[in-house]
Amino acid sequence: MSKILVIAEHLDGKLNASTARAVSAAAAVKPDAIDVIVLSDAPDAVAAEAAKIDGVSKVLTVARAENAHALAAIYAPQVAKAAAGYSHVFAPSTTFGKDIAPRVAALLGVSQVSDVMTVEGAHSFKRPIYAGNAIVTVEVDGGSPVVATIRTASWPAAGSTGNAPVEALSLDVALPSHTRFVKLQQGKSDRPDLQGAGKVVSGGRGVGSKENFEVIYKFADKIGAAVGASRAAVDAGYVPNEMQVGQTGKIIAPELYIAVGISGAIQHLTGIKDAGTIVAINKDGEAPIFEIADIGLVGDLFKILPELEAALG
Ligand code: FAD
């Protein structure tokens, strides 16, 4: 009998969309049950959202004051304890999931499968390697449960018409005291969240400076898009690190991706390979980005973007 436990990612009382994507991956295993575990000091609102995800059998809440903040060192022993009786434990392959899942795997004495793109069977998964240049099939041949992180860009979010029961779980687990919450520092923006946005406009080294990035922000605001960047733009200090798209940044799957002044290095492309329509604006007609772009505009971005903006009215 296969039963999958999905770890819910949430912040400020709101469920992150990555959880519903991890549930889609869980459903592909065709298990007998998919339960979602919500660790929080006040889990009710998040649990109510999780209960609506299609395919979820039950939502388990673990309410403890220590769970007020998503600290992997605090969550992991509780998830490891709750995992008894489950064949799989899934977490989204986000900063949150990548922090917690390896700890859960280590506590359970199993190895972890990372970045699951497709499910081939209950113990067989496909995942990208070498910056997405090759896809490897991973067979898990020992140890239970299977602990895996799910490449959220590869999975659609499960629907939200469900009505699963919510059950409070009391876990008798001693929590470590070596890790404590100090503060959360995060960028504040009124723009859509880069990882969940339907449209993303990214700028690269070609934008030239922090000040010039204003043209990217302006265009993104015009079309209601999130703003991303290449690593070269981040390294040059044009934008903060959290905006980086790619292998060592965010892996995203928007419906529309507009790459502006970005050459199209493989490490950047690996972050956008699941995007719907890719538009590239680059003054070099030979830039590799045009090999994968659905629509390519060859020219100076400082001329093209204002023209596009004007055309949009
Ligand atoms: P460039 O390659 O310098 O390209 C700039 C482009 O702008 C050029 O094509 C140029 O023609 C164009 N341009 C210049 N001026 C204009 C103009 N006025 N109008 C229009 N076009 C113009 N990179 C990432 O992005 N994300 C990652 O996560 C990432 N991870 C990495 C991990 C590793 C281990 C390594 C080794 C590298 C990684 N990189 C990553 C870096 C990657 O290899 C490239 O160096 C980087 O993506 C290049 O960024 P870019 O395209 O902005 O810059």
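Just so you know, ligand 1 is whichever comes first in the structure, and atom 1 is the first atom listed for that ligand. Positions are given from 1 along the sequence.
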With a cut-off of 3.5 Å and sequence neighbours excluded, list every side-chain donor-acceptor pair involving residues 23-32.
| from | atom 1 | to | atom 2 | distance (Å) |
| --- | --- | --- | --- | --- |
| Ser24 | OG | Pro156 | O | 2.6 |
| Ser24 | OG | Ala158 | N | 3.2 |
| Asp32 | OD2 | Ser2 | N | 2.8 |

For residues 272-287, pull every pair meeting side chain to side chain donor-acceptor pair (under 3.5 Å), keeping only residues two or more places apart or in separate chains.
->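 Found Arg151-Asp274.
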Which pairs pass side chain to side chain donor-acceptor pair (under 3.5 Å) with one or both residues in residues 33-48, sequence neighbours excluded?
->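 Every side chain to side chain donor-acceptor pair (under 3.5 Å) pair that includes a residue of residues 33-48, provided the two are not neighbours, is Asp35-Tyr86.
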Under 6.0 Å from the CG atom of Asn163, do we count more than 12 heavy atoms belonging to anything else shown?
->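 No, CG of Asn163 has 12 or fewer neighbouring heavy atoms, counting only those of other groups under 6.0 Å.
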Residue contacts for ligand 1, heavy atom to ligand atom, distance under 4.0 Å |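 Around ligand 1, where the cutoff is 4.0 Å for heavy atoms, the contacting residues are Gly204, Arg205, Gly206, Ser230, Arg231, Ala232, Gln244, Val245, Gly246, Gln247, Thr248, Gly249, Gly261, Ile262, Ser263, Ala265, Gln267, His268, Asn282, Lys283, Asp284, Gly299, Asp300, Leu301, Phe302.
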Got Val146 and Phe125 here, is their nearest side-chain heavy-atom distance under 4.5 Å?
->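 They are in side-chain contact.
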Test: Lys303 and Glu307 ion pair at under 4.0 Å =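 Looking at Lys303 and Glu307, the cut-off is met.
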